[in-house]
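Side-chain atoms are counted along with the backbone in the values below, which use heavy atoms only and exclude waters and symmetry mates. Keep in mind that this is a model prediction, so the values were computed, not measured.
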Amino acid sequence: MQTTWDLSVFYDGFDDLSFTSDLAALPLRIAALTKAIGEDAPDDAEKLRGLIAQMEDICARFERLSMMTQMTLACDAAHPAANAAMTPLMRAGMAYEQAKSAFARYLAAIDDLDALIEGDAVLAANGFALRETAESARHLLDPALEGPVLRMQLSGGEAFSQLRDKLDATLLVDYRGEQLPLSAVRALAYDADAAVRRDAYKAELAAYAKIELPMAACLNSIKAEGQTMAELKGYEDVLTMTLSESRMDAKTLEAMWTAIRGALPELRAYLRAKGRLLGHENGLPFYDLFAPIGSSTRTYTIEEARDLLLSVFGEFCPEMSGMMAQAFDERWIDVYPRSGKTGGAFCEGSYALNISRILTNFAGSLSDVSTLAHELGHAFNNRMLRRVPRLMTETPMPLAETASTFNETLLSAVLRGRAAREEELMLLDASLSENLQTLVDIYSRFLFEQKVVEAQADHPLSAPELKETMLWAQEQTYGDGLDPALRHPYMWACKSHYYSTGEHFYNFPYAFGCLFARGLYARYEKEGASFVPVYCDLLSRFGSGTIEDVAASVGIDVRSADFWQGAVESIVQEVRRFVELSK
């Protein structure tokens, strides 16, 4: 099996004439769209149909160029041609944002837009996107400011975001007499040898100290820019802007956090029990969060991971397992860590080609197999979105994490169902270590980001202040579950999500996805195979409504604490079982 992804489906290389011509033509197509938006037309419906076709064409070309460039940089941060292509791509992106703003103003000015939409089949198929775009005109930058502000972002937040990624991808860690990529050292957190985990943790923290100054500058600049953008768009603050752009109510967010806060004492019980199993009496050291538990120290080859996933998901949905087989066979996945490759994992989809590309840093642990299931869930969501027009595929981040976490939940449940009793503790630990990341750790990240955003009104936080704030956030959430002397003060440098200029508070979507997926999985357990087409249809509609409306379409009220408490309780039950077995 080949373990690097194939980008030739996009272009043969950066010197491919198709790449250079597409890149050169992109600004011209955007200019033509902008001109068409401003032209008078006797028939608004006909004009709108033409504009939609132009936007779909631009999105397809942008997608192809961006995936070629960004996927290359994800595995080779210093790639000269890909870095060179980023500048014209980002400029084109800025121009397209301005074109979309002009489109929003045009839609907002149409008398009785609803009647126009309902009277035309093409417009009706894109109805939610058109109405949402018209509504967004209330929060657009002043036209006189828009161009200069977007250009300044290229050398501001976007430049700092790219710098952060390069620092992360090129940092070498001094570990036991050799230098390893940061991603490889972080993967050692799953090693069966406690000394390896401890030494890797110490080496990781020492390595972050080398880049804490530029990392702090990147984070502060991006968060300060976020506050400025919120003000310019007429939002009260960054979180309000993020919730609006996520199509999510503040009431929904607070209902979720209320359920999580109420469960923190029992969730910490898992950490303390795991700590005792590993010989710790003062809570779990951070470096043992992902330590394997139980007599089994099973690791997986990538071939074994593939076979397991095809088996598990073939029983759930043959269409999904078929897509997974395609992903492995057609080189959708870049599997292993290496120098110059970014850490973590992600999935990016191509609507035009009906394929995805997945990056992982696979080291063979069960957690790595779960990560593959997670990213392939994103890929399946991408495929389901092909059922709707392209403009209806823009999925808010909280919903975007649903299919991925559903896959993790299903995989864990199936493996525990197949396990002998002596394996149950290990599998429960694997499930809980992931779920506590998406509840407890994500809540700590949310609290941390709140503090950082608030601080920008006074002063940028220094690296020592950022470390202190991170430790404070971990105390609020992990509490006595973690050893206070062995936490992770550099999680703000570790997590790329803090450095996104387009998605501030890129943390709560994971908690939402985890618990929303739990609620959907409970439905699957009750309804069986009849729920699968309902689930697939739900995924296809993630870009077709607000989060509250999409959830209500399958009978879920996400504004109610009852739903979230029920979802959290399913995880707490696993904690109770783990504590019982650990005794």
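- You'll find the side chain of L399 reaches within 4.5 Å of the side chain of V550, heavy atoms only.
- Using a 4.5 Å heavy-atom threshold, the side chains of L372 and I333 count as touching.
- For the pair T360 (side chain) and V335 (backbone), a donor-acceptor distance under 3.5 Å is present.
- The shortest heavy-atom contact between Y506 and S500 is CD2-CB, 4.4 Å.
- The closest side-chain heavy-atom distance from L520 to I556 is below 4.5 Å.
- Inspection of the N507 and Y443 side chains reveals no N or O donor paired with an N or O acceptor under 3.5 Å.
- Between atom CG of residue L391 and atom OG of residue S544 there is a gap of 11.0 Å, rounded to the nearest 0.5 Å.
- No side-chain donor-acceptor contact under 3.5 Å links S412 to the backbone of E408.
- Side-chain rings of F512 and W564 approach one another, their centers coming within less than 6.0 Å.
- Taking 4.5 Å as the limit, some side-chain heavy atom of M491 sits within range of a side-chain heavy atom of D441.
- Counting only distance, with no hydrogens or angles, the side chain of S246 and the backbone of S244 share no donor-acceptor pair below 3.5 Å.
- Ring pair F446/W257 is tilted by interplanar angle, where 30° to 60° counts as tilted.
- Separating the CD atom in E348 from the CZ atom in R357 is a distance of 11.5 Å, to the nearest 0.5 Å.
- Atoms OG1 and NE2, on T409 and H374 in that order, are 10.5 Å from each other to the nearest 0.5 Å.
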Can you list the steps and then say if R247 with E132 is a salt bridge (charged side-chain N to carboxylate O under 4.0 Å, His left out)? CA-CA 10 Å; R247 304 179 190 143; E132 182 183 48; 2.6 Å; yes
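- A donor-acceptor pair under 3.5 Å links the side-chain atoms of S570 to the main chain of A567, judged by distance alone.
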Residues R418, E315; criterion salt bridge (charged side-chain N to carboxylate O under 4.0 Å, His left out); working and verdict: CA-CA 14 Å; R418 295 176 179 178; E315 295 179 14; 3.6 Å; yes
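- Nearest heavy-atom pair across A430 and S433 is O-OG, 3.0 Å.
- Of the possible donor and acceptor atoms, one in the side chain of E548 sits under 3.5 Å from a partner among the backbone N and O of D249.
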Apply the test side-chain contact (heavy atoms from CB on, under 4.5 Å) to residues F542 and T402: give CA-CA distance (whole Å), side-chain angles for both, the deciding distance (0.1 Å), then the verdict. CA-CA 10 Å; F542 275 1; T402 301; 3.9 Å; yes
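- The CD atom of E330 lies 11.5 Å from the OG atom of S356; values are rounded to the nearest 0.5 Å.
- We find that E569 and R518 are not joined by a salt bridge, their nearest charged nitrogen and carboxylate oxygen being 4.0 Å or further apart.
- Using a distance-only test at 3.5 Å, with no hydrogens or angles considered, no donor-acceptor pair links the side chain of S311 to the main chain of D307.
- Counting all heavy atoms, side chain and backbone alike, D368 lies closest to G364 at OD2-N, 3.0 Å.
- S161 and E158 form no side-chain donor-acceptor contact under 3.5 Å, judged by distance and modelled atom types alone.
- Side-chain atoms of N83 come within 3.5 Å of backbone N or O of A77 as a donor-acceptor pair.
- Between F19 and F14, the two ring planes are perpendicular [angle over 60°; tilted spans 30° to 60°].
- The minimum heavy-atom distance linking A104 with T133 is given by the pair CB-O, 3.3 Å.
- No side-chain heavy atom of E319 sits under 4.5 Å from any side-chain heavy atom of V532.
- For F313 and F380, the ring centers are positioned 6.0 Å apart or more.
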Give the C-alpha distance, both sets of side-chain angles, the deciding distance and a yes or no for side-chain contact (heavy atoms from CB on, under 4.5 Å) between R577 and E424. CA-CA 10 Å; R577 178 61 175 163; E424 186 181 359; 3.1 Å; yes
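- The side chain to side chain donor-acceptor pair (under 3.5 Å) with Y11 is formed by just one residue from the set D22, D16, T69; it is D22.
- Taking each heavy atom of R383 and N354 in turn, the nearest pair found is NH2-O, 2.7 Å.
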If you apply the rule side-chain contact (heavy atoms from CB on, under 4.5 Å), what do you find for N361 with K341, and how did you get there? CA-CA 9 Å; N361 281 275; K341 180 177 176 179; 4.0 Å; yes
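- For E574 and R416, the salt-bridge test passes: some basic side-chain N is under 4.0 Å from an acidic carboxylate O.
- Here D329 contributes atom CG and M324 contributes atom CE; the two are 13.0 Å apart, rounded to the nearest 0.5 Å.
- Counting only heavy atoms from C-beta outward, the side chains of L89 and L26 approach each other to under 4.5 Å.
- Note that the CZ atom of R559 and the CE atom of M248 stand 10.5 Å from one another [nearest 0.5 Å].
- By the 4.0 Å N-to-carboxylate-O rule, R390 lies close enough to E63 to be salt-bridged with it.
- Considering T252, L243, I260 as possible partners of F508, the one that fulfils the side-chain contact (heavy atoms from CB on, under 4.5 Å) test is L243.
- Between D288 and K274, no side-chain nitrogen of the basic residue sits less than 4.0 Å from a carboxylate oxygen of the acidic one, so the salt-bridge criterion is not met.
- Under the 3.5 Å distance criterion, the side-chain polar atoms of R197 are matched with a main-chain donor or acceptor of D191.
- Residues Y351 and L385 come closest through the heavy atom pair CE1-O, 3.6 Å.
- Put simply, the side chain of I58 does not reach to within 4.5 Å of the side chain of R61, judged on heavy atoms.
- Side-chain contact between C347 and N382 is present, with heavy atoms from C-beta onward closer than 4.5 Å.
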Going through the distances and angles, do C514 and E401 end up as a side-chain contact (heavy atoms from CB on, under 4.5 Å)? CA-CA 7 Å; C514 172; E401 292 302 329; over 6 Å; no
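- Checked against R331 for a side-chain contact (heavy atoms from CB on, under 4.5 Å), the options V9, D6, L7 give a single hit: D6.
- Note on ring orientation: taking the six-membered ring where Trp is involved, the planes of F316 and Y524 are perpendicular (angle over 60°, cut-offs 30° and 60°).
- Comment: D549 does not engage R541 in a salt bridge, judged by the lack of any side-chain N to carboxylate O separation of less than 4.0 angstrom.
- Relative ring orientation between F346 and W5 is described as tilted, the plane-to-plane angle lying within the 30° to 60° band.
- Between Y510 and H497, the two ring planes are perpendicular [angle over 60°; tilted spans 30° to 60°].
- More than 12 heavy atoms of other shown residues, nucleotides or ligands fall within 6.0 angstrom of atom CG in L28.
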